[in-house]
Amino acid sequence: MRSAKDFFTPLAVGAPAPVREVPARPSRMIHFFDPSNEKMAAKIPAMVGTVDVLLGNLEDAVKADNKEAARLGLVAIAKATDFGDATQLWTRVNSLDSPWVLDDFTTLVTEIGDKLDVIMVPKVQGPEDIHYVDRLLAQLEARAGLTRPILVHAILETARGVANVEAIAGASPRMQGISLGPADLAADRRMKTTRVGGGHPGYLVREDPGIEGINGPRGTFQQDLWHYTIARMVDACAMHGIFPFYGPFGDIKDVVACEDQFRNAFLLGCVGAWSLHPAQIAIAKKVFSPSAADVAHARRVKAAMGDGTGAVMLDGKMEDDASLKQCLVILALAEQLSASDPELASLYAE
Ligand code: 1VU
Ligand code: MG
């Protein structure tokens with residue numbers, strides 16, 4: 001284990017200094033695209049400024065025969081596109097045990113390292129995976145003469161990864177965040193689902209039978225398969241000052257359930273989710289931006305609380321230091337989003 005004193009020392013001579021704090025940039029949707037799919041790739045330049053994150057995916061969902069085309073396609077798009085301040089460019093590389101990942105890292109850092117904000121690493125099992133990526137990136141950044149470190153995002157999609165999530169979150173100053181990957185995680189855990197995220201009608205609790213002699217219908221309540229994992233991930237991220245995300249929702253047509261899944265994640269502390277299809281972008285934007293009513297309420301609590309200590313009554317409810325702190329979280333997010341989204345700025349205007 002490295003000494004805490006060495007934690008912010010570059011891992012290669014000439015590599016940029018690690019960040020002390022992860023930049024909090026709007027990341028409500030991480031929009032996935034396959035750079036080897038010409039139709040999809042052609043749509044990407046026009047999406048700049050309309051999504052918070054564009055992610056060129058090289059891993060699962062890209063056919064094995066297209067891995068090289070995807071990598072080179074991403075290089076071409078990145079070189080030809082100005083992403084401005086409002087949109088970040090991320091990539092998802094192939095898994096660390098795959099035959100493609102070394103070329104993913106070397107090509108992308110060398111060719112477009114100055115444009116890449118974050119590299120998403122799939123199937124992370126423990127801090128040792130992050131340590132490997134950390135050193136490799138430092139070596140490649142030094143060779144490419146980069147002046148800004150590329151950050152790392154881990155996907156939580158193995159049982160071992162979940163067991164090690166706190167150590168993964170704190171493994172490197174490069175750690176930007178973690179996404180829940182429900183599909184691979186379900187398979188690795190041997191859950192008996194066949195879906196990409198969301199709930200399952202069989203995972204429920206049923207009302208007790210009525211008292212003796214009364215046999216009315218017994219209601220059932222569907223439960224959230226992902227509550228434990230998201231909550232654990234959120235705690236690990238908050239503990240290390242990095243950002244938690246919900247991952248994919250595969251039922252593209254079920255926009256209602258997608259919104260519910262995204263909102264559960266938002267309420268539990270996540271800052272964004274993946275959008276797999278253009279139809280999911282607006283859902284993420286809506287859900288991960290606080291509502292005008294929540295912002296207005298937060299401002300009222302802040303005003304009523306004066307110096308921030310003590311307890312007051314507002315609309316029949318007690319507000320105190322702790323409810324004010326929650327309101328300040330909402331206000332900080334509203335302020336951050338307003339800075340890059342004029343529509344939200346006018347929605348939140350006092
Ligand atoms: O109207 P056009 O024909 O010109 O364009 C189509 C389509 O090409 C385009 N489109 C997209 N554009 C940008 N980004 C996208 N992600 C994207 N998806 C589609 O929109 C137009 C309408 O498309 P569609 O409704 O006909 O949809 P398709 O049948 O073409 O595609 C649907 C899928 C889901 C296959 C497609 O959206 C896709 O491949 N999305 C990304 C999937 C992905 O990245 N999966 C990996 C992450 S999830 C994971 O790892 C765990 C499960
Ligand atoms: Mg996966």
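Both ligands and their constituent atoms are indexed starting at 1 by order of listing. Only a predicted model underlies this, so the values are computations on that prediction, with no experimental measurement involved. Sequential numbering from 1 along the given sequence is applied to the chain's residues. Because only heavy atoms are used, hydrogens play no part in the values below, and waters and symmetry mates are left out as well, while side chains stay in.
- Looking only at atom types and distance, the side chain of Glu319 has a donor-acceptor partner in the side chain of Ser323 under 3.5 Å away.
- Residue-ligand proximity, His31 to ligand 1, at heavy-atom distances under 4.0 Å covers atoms 13 (C), 14 (N), 15 (C), 16 (N).
- The presence of a protein heavy atom under 4.0 Å from atom 28 (P) of ligand 1 is ruled out.
- Not a single heavy atom of Asp34 sits less than 4.0 Å from an atom of ligand 1.
- Aromatic ring orientation, Phe245 versus Trp90: perpendicular (interplanar angle above 60°, classes split at 30° and 60°).
- Side chain to side chain, Glu207 and Thr220 fail the donor-acceptor criterion of an N or O pair below 3.5 Å.
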The test is salt bridge (Lys or Arg N to Asp or Glu O under 4.0 Å); show your working for Arg148 and Glu141 and say whether it passes. CA-CA 8 Å; Arg148 177 191 59 125; Glu141 286 167 345; over 6 Å; no

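- Close contacts between ligand 1 and Asn57 involve ligand atoms 44 (O), 46 (C) [criterion: under 4.0 Å to a heavy atom].
- In this structure, atom 44 (O) of ligand 1 has protein heavy atoms in its sub-4.0 angstrom surroundings.
- In summary, the atoms of ligand 1 found under 4.0 Å from a heavy atom of Asp60, numbered by their order in the structure, are 46 (C).
- Residues His153 and Phe243 keep their aromatic ring centres 6.0 Å or farther apart.
- Among the atoms of Asp60, none of the N, O or S atoms falls under 2.8 Å from the Mg ion (ligand 2).
- Taking every non-hydrogen atom of Ala61 and a distance limit under 4.0 Å, the qualifying atoms of ligand 1 come out as 43 (C), 45 (N), 46 (C).
- Residue contacts to the Mg ion (ligand 2): Asp184 brings an N, O or S atom closer than 2.8 Å.
- Residue contacts with ligand 1: Glu59 is excluded, as none of its non-hydrogen atoms falls under 4.0 Å.
- Counting non-hydrogen atoms of neighbouring residues, nucleotides and ligands closer than 6.0 angstrom, the OH atom of Tyr203 reaches no more than 12 such neighbours.
- The distance from ligand 1 to the heavy atoms of Pro248 drops below 4.0 Å at these ligand atoms: 48 (S), 51 (C).
- With a 4.0 Å heavy-atom cut-off, ligand 1 is reached by the backbone of Leu276 and by its side chain too.
- Close approach to Arg92 involves these atoms of ligand 1, each under 4.0 Å from a residue heavy atom: 46 (C), 47 (C), 49 (C), 50 (O).
- The presence of a protein heavy atom under 4.0 Å from atom 33 (C) of ligand 1 is ruled out.
- Nearest N/O/S atom of Glu157 with respect to the Mg ion (ligand 2) is recorded as OE1.
- Between Met47 and ligand 1, a contact under 3.5 Å exists for no N or O pair.
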